[in-house]
Amino acid sequence: MSRVMKTSRVFGLFAAIAAGAAMIGFADAPGKVKAKVGEKAPDFTLVDVEGNEHTLSEYTAKGQTVVLEWFNPDCPFVRKHYREDTGTMNALAAEFKDQGVTWLRINSAKEGHPTTGADRLNRAVKDFNIQTPILLDYSGDVGRTYGAKRTPEMYVIDSEGVLRYHGAMCSDQGATNVGDEVYVRSALTAVLAGETVAKSETKAYGCSVKYARP
């Protein structure tokens, strides 16, 4: 085999590897993002694990403030907020429930992935003592529209339907401890008081959302 042919094969191999890597990355990358802090949150309708439909605009029309939590029951960064010694997610949902706050979890993993499906999520409901709905976004359309890349990734939408906070749950970026500042609590407190959210955007951290390839 000539040196030219060998070189051509090598470049072809590298090209194939690069293309494969790009496809893997693209599968996890959100497409056109429409959700922006300070603007109207994109409306959506999703079905929960019980088969019930949930429409964002119907909640806000009733005067509800809505928290969206991108959810993966097997992600350690999610699980740290559901341990018995932390319980951050459930505690906040309960704390603000009587103040007109609806908490919705969204799983945007592709259909058939181990982290989604009714069986896996119903087990998570029991294990984590979850009291509010988990919505299924198999197509990933809602996740991509909101630019959700991580689990957990959090959004706070006020009763006018405006996105007021987007980012991390708390200030500690590890998978063990809850940070000194729980950003979502601060955002909800400000929104319900009619005040500006001091930190309206933070960098979400955690596991990648397991999107289907578009």
Give a yes or no on whether a salt bridge exists between K199 and E181, defined as a side-chain N under 4.0 angstrom from a carboxylate O.
yes

Heavy atoms of K80 and A175 approach each other most closely as CB-O, 3.4 Å

Can you name the one residue among D48, V209, D137 that meets side-chain contact (heavy atoms from CB on, under 4.5 Å) with I106?
D137

V191 versus V197: any side-chain heavy-atom pair under 4.5 Å?
yes

Is the backbone N or O of R83 less than 3.5 Å from a side-chain atom of T86, with the two atoms forming a donor-acceptor pair by type?
yes

Compare all side-chain heavy atoms of Y59 with those of L104 and state whether any distance is below 4.5 angstrom.
yes

Between N72 and C207, what is the shortest heavy-atom contact and its length?
ND2-CB, 4.5 Å

Please round to the nearest 0.5 Å and tell me the distance separating atom CZ of R105 and atom CG of L121.
11.0 Å

Should M89 and P152 count as side-chain neighbours, where that means a heavy-atom distance under 4.5 Å?
yes

With heavy-atom distances below 4.5 Å as the criterion, would you say the side chains of K110 and Y211 are in contact?
no

From the list V78, V184, V178, side-chain contact (heavy atoms from CB on, under 4.5 Å) partner of M169 resolves to V184

Can you confirm whether N107 sits close enough to P73 that some side-chain heavy atom of one is under 4.5 Å from a side-chain heavy atom of the other?
yes

Hey, are the side chains of E50 and N122 touching, using non-hydrogen atoms and a 4.5 Å cut-off?
yes

Starting at CZ of R123, measure out to CZ of F128 and round the result to the nearest 0.5 Å.
9.5 Å

Which atom pair, heavy atoms only, marks the closest approach of V156 to A187?
CG2-CB, 4.2 Å

Can you tell me how far apart NZ (K203) and NZ (K149) are? Round to the nearest 0.5 Å.
9.0 Å

Note, V37 side chain near H166 side chain (heavy atom, < 4.5 Å):
yes

Could you tell me whether R150 sits above the aromatic face of F77, with NZ or CZ closer than 6.0 angstrom to the six-membered ring centre and within 45 degrees of the axis?
no

Measuring from atom CD of E39 to atom NZ of K34, what distance do you get when rounded to the nearest 0.5 angstrom?
12.5 Å

Out of I157, V142, T145, L56, which one pairs with P42 under the side-chain contact (heavy atoms from CB on, under 4.5 Å) rule?
T145

Side-chain donor-acceptor contact under 3.5 Å, Y165 with T202:
yes

Between F44 and L135, what is the shortest heavy-atom contact and its length?
CE1-CD1, 4.1 Å

Answer yes if the side chains of K210 and S208 hold a donor-acceptor pair under 3.5 Å, and no otherwise.
yes

Nearest 0.5 Å, what's the OG1-CD distance between T102 and Q64?
3.5 Å

Checking side chain to side chain contact (heavy atoms under 4.5 Å, CB included) for the pair H81/C170: CA distance, chi angles, key distance, verdict?
CA-CA 10 Å; H81 292 292; C170 73; 3.7 Å; yes

Check this for me: N52, atom CG, are more than 12 non-hydrogen atoms of other residues, nucleotides or ligands nearer than 6.0 Å?
yes

Indicate yes or no: does R185 engage E95 in a salt bridge with an N to O separation below 4.0 Å.
yes

So which of W70, Y183, W103 actually passes ring pair (Phe, Tyr, Trp, His ring centres under 6.0 Å) with Y155?
W70

Is it true that V125 and L136 fall in one hydrophobic cluster, defined by side-chain heavy atoms closer than 4.5 Å?
yes

Looking at D158 and R164, would you say the former's side chain and the latter's main chain have a donor-acceptor pair under 3.5 Å?
no

Treating Ile, Leu, Val, Met, Phe, Trp and Tyr as nodes and any side-chain heavy-atom pair under 4.5 angstrom as an edge, say whether V66 and L188 lie in one connected cluster.
no

Test item: side-chain donor near acceptor, S57 and D43, under 3.5 Å:
yes

Any heavy-atom pair between the side chains of I134 and F71 that's under 4.5 Å?
yes

Under 3.5 Å, side chain of K40 to main-chain N/O of E160, donor-acceptor pair present?
yes

Taking atom types as modelled, is there a side-chain donor on R120 or T115 under 3.5 Å from an acceptor on the other?
no

Atom CG of N90 and atom CD of E84: how far apart are they, to the nearest 0.5 Å?
11.5 Å

Treating Y205 as the side-chain partner and G167 as the backbone partner, does any N or O pair qualify as donor plus acceptor under 3.5 Å?
no

